[in-house]
Amino acid sequence: ACFQCHLDKRGEFSLPHAHPVLAGKVSCVDCHDVHKGNSIRGGGASLAASTETCIRCHTQQAGPFTYAHGAIREEGCVACHNPHGTVNDKMLVARDANLCIRCHLESLTPGFNIGGFKDGAHAAAVGSRLSEGTCWSAGCHEDVHGSNVNASLRP
């Protein structure tokens, strides 16, 4: 019934990385209440309701964390993920290195390159993991949702 009006969402659910709505494993009403506000379960369009909707299923990302990722606190899960679907792994709204840079480019330490390394020798030590262009697969910022041990979201 939802796709009669929301054809764009049907297209997003057809992308390679999406919640399995078309397979019948998840339903639109698992996340949306069509009779309230902006139809996010839990109440209107508020950030808290949006995040609470996601963590009902994604409990490991809920925390609480001593060092929470600011994006989750300030914008919610949709700062990084499109819950309807994307071409990117983990339903990310952009390829992950570009995703991180969207917010963190301004806060890079002077003299560091985009990868965060002072020189090529350090980058070479990380090797092929950096060639993927990822902030977490290189082993630097693996706890992207939050950490209880490191403010830089390192393991």
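This is a predicted model, so every value here is computed, not measured.
With rounding to the nearest 0.5 Å, the separation of CG in N148 from OH in Y67 is 9.0 Å. N150 contributes atom CG, which lies 11.0 Å from atom OG1 of T66 (distance to the nearest 0.5 angstrom). The SG atom of C77 lies 10.5 Å from the CD atom of E52; values are rounded to the nearest 0.5 Å. Between atom NZ of residue K90 and atom SG of residue C80 there is a gap of 12.0 Å, rounded to the nearest 0.5 Å. How far SG of C2 is from NZ of K9: 12.0 Å, rounded to the nearest 0.5 Å. Atom-to-atom distance recorded for R10:CZ and H84:NE2 is 14.0 Å, nearest 0.5 angstrom.
Formation of a donor-acceptor pair under 3.5 Å by the D143 side chain with backbone atoms of S147 is not found in this model. In terms of modelled atom types and a separation under 3.5 Å, the side chain of H145 and the main chain of A68 share no donor-acceptor contact. A distance-only check finds a donor-acceptor pair linking the side chain of H69 to the backbone of V144 [under 3.5 Å].
For the residue pair M91 and P83, the shortest heavy atom distance occurs at SD-O, 3.8 Å. Minimum heavy-atom separation, T51 to G76: OG1-CA, 3.6 Å.
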Going through the checks in order, is the side-chain contact (heavy atoms from CB on, under 4.5 Å) test met by H17 and N88? CA-CA 6 Å; H17 303 281; N88 302 304; 5.6 Å; no
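Side-chain contact between T86 and E12 is absent, with no heavy atoms from C-beta onward closer than 4.5 Å. Using a 4.5 Å cut-off on side-chain heavy atoms (C-beta onward), F3 and V21 make contact. Looking at S14 and L22, their side chains come closer than 4.5 Å, going by heavy atoms from C-beta outward. Within the 4.5 Å cutoff, the side chain of H32 has no heavy atoms near those of the V29 side chain.
Linking ILVMFWY side-chain heavy atoms closer than 4.5 Å, directly or via other members, places F13 and V26 in a single hydrophobic cluster. Hydrophobic clustering (side-chain heavy atoms under 4.5 Å, transitive across Ile, Leu, Val, Met, Phe, Trp, Tyr) keeps V93 apart from V87.
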